[in-house]
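Working notes for the structure below.
Because the structure is predicted, anything quoted here is derived from the model rather than measured.
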Amino acid sequence: MAWHGHLTLDYRRDSDGRCTALDRHEGPLRVLQRLYPEGPGICHHVLVHPPGGIVGGDQLDIGASLGPGSHALITTPGATRFYRSAGAAARQRLRARLAEGARLDWLPLETIVYSGALAENRLVFELAPGAEMLGWDVLALGLPAAGQAFARGHYQQHLELPGRWLERGLIRADDHRLLHSPLGLGGRPVLGALWFAAGQALAPARREALLEIARGEIAATGWDWAGCTAPEDGVLVLRLVAERVEPALALLSRVWAAWRREAWALAPCAPRIWKT
C-alpha cells in the first residue's frame, strides 16, 4: 500500500517581529513543534515522516509559504531514504514561495537512494525581489558506509528557481560512464550542493565576497572534488562529490555558516536534533 502525504507550512511575521507558523497535514508527513533557539524572529521546524522511508508508489508533497519578513529554518531528524521498488516510482516534491524580505534555511539531512529504488526528488523555490535563501542537498547512492553499491534503479533530481536556474538530472545505476568514469563521478557515490539564492541580482561586491568565502573554505579543507560558481547573477552554487556523507556535510556546514554570517549577519545555529 502506497503512502500519500501532504504538508502545508505557512510562515508569517507578526507586528512584534515574531515568526509564527501554521501547518496542515494529510497522511504520514508533518512537523514537530515550533522552536526558537535564535529568538522569536526565526522559526525552526523539523520535518518528520513516521513510516521512516519512501517506497515505490509513495508520494510526498510539501508546500511552504513565507510571508514578508519571515524567516524559517527547516530540517529533518535523519536521512530521507528511498527504498527499492517493485515497479512504481517514489516521489517527493517541495514548492516553497518566499515573499519580499523573507529568508529560508533549507537544510534537510542526506537523501539515501537504495539499490533498486525508482525515485524522484523535485525542489522548486520561488523568490520575490528582496527574498533570500540558503539551501543544500546531499545525495548518497547506495549505502557507502556499508559498501553496498547502487546497482539497480534510478534517481531523478529537479532543482529549480523558475525562470532563473534549473538543474535536472537522471542517474541510472547502469550508467557506468557517469558513475565510474573520471569525467563523471569517478566511483564516488555521494553528491552535494549548497546554494545561496536571492530574488534579485546581487551586488557584484557581495557576490564576489560570498564566492571567495566558499572557495577559501574548500581550499582550507584540502577538498579536491568541490567548486563554487555563480550560474546566475542572484545564485551561487557549491558542488562536490565525495566517498562518504559525513565529510560532505561537514564542508557544506562550514560554508553555510560562513555565508550566513556574511550575507545575513547571523551566527550559525545548527538544529539541536542533529546532535541526538
Quiz prompt | Arg206/Leu202 under side-chain contact (heavy atoms from CB on, under 4.5 Å): CA gap, chis, key distance, verdict | solution = CA-CA 6 Å; Arg206 190 180 184 213; Leu202 296 171; 3.4 Å; yes

Quiz prompt | Minimum heavy-atom distance Ala230-Arg207, with the two atoms named | solution = CB-CD, 3.9 Å

Quiz item: How about Asn121 and Leu94: do any of their side-chain heavy atoms sit closer than 4.5 Å?
Solution: no

Quiz prompt | Glu26 atom CD, over 12 foreign heavy atoms within 6.0 Å | solution = no

Practice problem: Can you measure from CG (Leu66) to CG (Leu104) and round to the nearest 0.5 angstrom? | Solution: 5.5 Å

Quiz item: If we only count heavy atoms from C-beta on, is the Pro271 to Leu73 side-chain gap below 4.5 Å?
Solution: yes

Self-check item: Salt-bridge contact Asp174-Arg172 (side-chain N to carboxylate O under 4.0 Å)
Solution: yes

Self-check item: Residue pair Leu134 / Trp106, side-chain heavy-atom distance below 4.5 Å
Solution: no

Quiz item: Is the closest side-chain donor-acceptor distance between Glu160 and His158 under 3.5 Å?
Solution: yes

Quiz prompt | Pair Arg177 + Asp175: basic N to acidic O under 4.0 Å | solution = no

Self-check item: From Glu110 atom CD to Trp136 atom CH2, the distance as rounded to the nearest 0.5 Å
Solution: 10.0 Å

Quiz item: Can you find a pair of side-chain heavy atoms, one from Val124 and one from Pro162, that are under 4.5 Å apart?
Solution: yes

Quiz item: Which residue pairs pass the ring pair (Phe, Tyr, Trp, His ring centres under 6.0 Å) test with at least one member in residues 75-98, sequence neighbours excluded?
Solution: Tyr83-Tyr114

Practice problem: Determine, step by step, whether Gln157 and Asp137 satisfy the side-chain hydrogen bond (donor to acceptor under 3.5 Å, both in side chains) criterion, reporting the C-alpha distance in whole Å, the side-chain angles of both residues, the deciding distance to 0.1 Å, and the verdict. | Solution: CA-CA 10 Å; Gln157 174 84 323; Asp137 185 83; 2.8 Å; yes

Self-check item: Hphob cluster co-occupancy, Trp264 + Ile74, side-chain heavy atoms under 4.5 angstrom
Solution: yes

Quiz item: At what distance, to the nearest 0.5 angstrom, does SG of Cys19 lie from CG of Asp14?
Solution: 8.5 Å

Quiz item: In terms of hydrophobic clustering (I, L, V, M, F, W, Y; side-chain heavy atoms under 4.5 Å; direct or indirect links), are Leu118 and Leu179 co-clustered?
Solution: no

Quiz item: So which heavy atom on Leu170 is nearest to which on Leu178, and how close?
Solution: O-CD2, 4.2 Å

Exercise. Mind checking ring pair (Phe, Tyr, Trp, His ring centres under 6.0 Å) for Tyr155 and listing every partner two or more places apart, or none if nothing turns up?
Key: none

Exercise. Enumerate the residue pairs fulfilling side chain to side chain donor-acceptor pair (under 3.5 Å) with a member in residues 265-274, sequence neighbours excluded, ordered by first and then second residue.
Key: Thr75-Trp274

Quiz prompt | Atom pair CG (Leu107) and CG (Leu252), whose distance is rounded to the nearest 0.5 Å | solution = 10.0 Å

Quiz prompt | Residue pairs passing the ring pair (Phe, Tyr, Trp, His ring centres under 6.0 Å) test where at least one lies in residues 35-56, sequence neighbours excluded | solution = Tyr11-His45

Self-check item: Identified side chain to side chain contact (heavy atoms under 4.5 Å, CB included) counterpart of Gln92 within the set Leu29, Thr80, Asp58
Solution: Thr80

Exercise. Output yes when a side-chain donor or acceptor of Thr20 lies under 3.5 Å from a complementary backbone atom of Arg12, and no otherwise.
Key: yes

Quiz prompt | Side chain proximity check, Leu109 to Val138, heavy atoms < 4.5 angstrom | solution = no

Self-check item: Student check: side-chain heavy atoms of Leu266 and Arg103 closer than 4.5 Å
Solution: yes

Quiz item: In terms of heavy-atom contacts, does CD of Glu100 have more than 12 from other residues, nucleotides or ligands at under 6.0 Å?
Solution: no

Exercise. Work out which heavy atom in Ala220 is nearest to a heavy atom in Arg254; give both atom names and the distance.
Key: CB-NH2, 4.3 Å

Practice problem: With sequence neighbours excluded, tell me which residues meet side-chain hydrogen bond (donor to acceptor under 3.5 Å, both in side chains) with Arg93. | Solution: Gln59, Asp61

Quiz item: If you look only at pairs with a residue in residues 35-47, which of them pass as a salt bridge (charged side-chain N to carboxylate O under 4.0 Å, His left out), with sequence neighbours excluded?
Solution: Glu38-Arg260

Self-check item: Hphob cluster co-occupancy, Val245 + Ile273, side-chain heavy atoms under 4.5 angstrom
Solution: yes

Quiz prompt | Shortest non-hydrogen contact from Arg244 toward Val190 | solution = C-CG2, 3.7 Å

Quiz item: Stepwise, does the side-chain contact (heavy atoms from CB on, under 4.5 Å) test hold for Arg239 with Leu191?
Solution: CA-CA 8 Å; Arg239 298 177 179 84; Leu191 296 81; over 6 Å; no

Donor-acceptor pairs under 3.5 angstrom involving side-chain atoms of residues 146-154: please list them, not counting sequence neighbours.
none

Exercise. Apply the test side-chain contact (heavy atoms from CB on, under 4.5 Å) to residues Ile54 and Trp3: give CA-CA distance (whole Å), side-chain angles for both, the deciding distance (0.1 Å), then the verdict.
Key: CA-CA 8 Å; Ile54 309 173; Trp3 291 105; over 6 Å; no

Self-check item: Same cluster (ILVMFWY, side-chain, under 4.5 Å), Ile218 and Leu211
Solution: yes

Quiz item: Is there a side-chain contact between Val48 and Thr76, using heavy atoms and a 4.5 Å cut-off?
Solution: no

Practice problem: Assess the side chains of Asp105 and Trp256: does a donor N or O sit below 3.5 Å from an acceptor N or O? | Solution: yes

Self-check item: Counterpart residues, side-chain hydrogen bond (donor to acceptor under 3.5 Å, both in side chains), relative to Ser85 (two or more places apart)
Solution: none

Practice problem: If a pair satisfies salt bridge (charged side-chain N to carboxylate O under 4.0 Å, His left out) and one of its residues is in residues 74-86, list it, with sequence neighbours excluded. | Solution: none

Practice problem: Report yes or no: do Leu98 and Leu159 belong to one cluster of Ile/Leu/Val/Met/Phe/Trp/Tyr joined by side chain heavy-atom distances under 4.5 Å? | Solution: yes

Exercise. Can you see which heavy atom on Ala201 is nearest to which on Asp233, and at what distance?
Key: CB-CB, 3.7 Å

Practice problem: Using ring pair (Phe, Tyr, Trp, His ring centres under 6.0 Å) as the criterion, list what pairs up with Trp223, not counting sequence neighbours. | Solution: none

Quiz item: Mind checking whether Cys228 and Val237 have side chains closer than 4.5 Å, heavy atoms only?
Solution: no

Quiz item: In chain order, what residues pass the side-chain hydrogen bond (donor to acceptor under 3.5 Å, both in side chains) check against Arg188, with sequence neighbours excluded?
Solution: none

Practice problem: Dump the intermediate steps for side-chain contact (heavy atoms from CB on, under 4.5 Å) on Val113 and Leu139, then the final yes or no. | Solution: CA-CA 8 Å; Val113 182; Leu139 169 66; 3.4 Å; yes

Quiz prompt | Any residue meeting side-chain hydrogen bond (donor to acceptor under 3.5 Å, both in side chains) with Glu262, in chain and number order, not counting sequence neighbours | solution = none

Exercise. Look up atom CE in Met133 and atom CG in Leu161, then write down how far apart they are to the nearest 0.5 Å.
Key: 7.5 Å

Quiz item: So which heavy atom on Ile112 is nearest to which on Gly142, and how close?
Solution: CG2-O, 3.4 Å

Exercise. With rounding to the nearest 0.5 Å, note down the distance linking CH2 in Trp195 to CG in Leu123.
Key: 6.0 Å

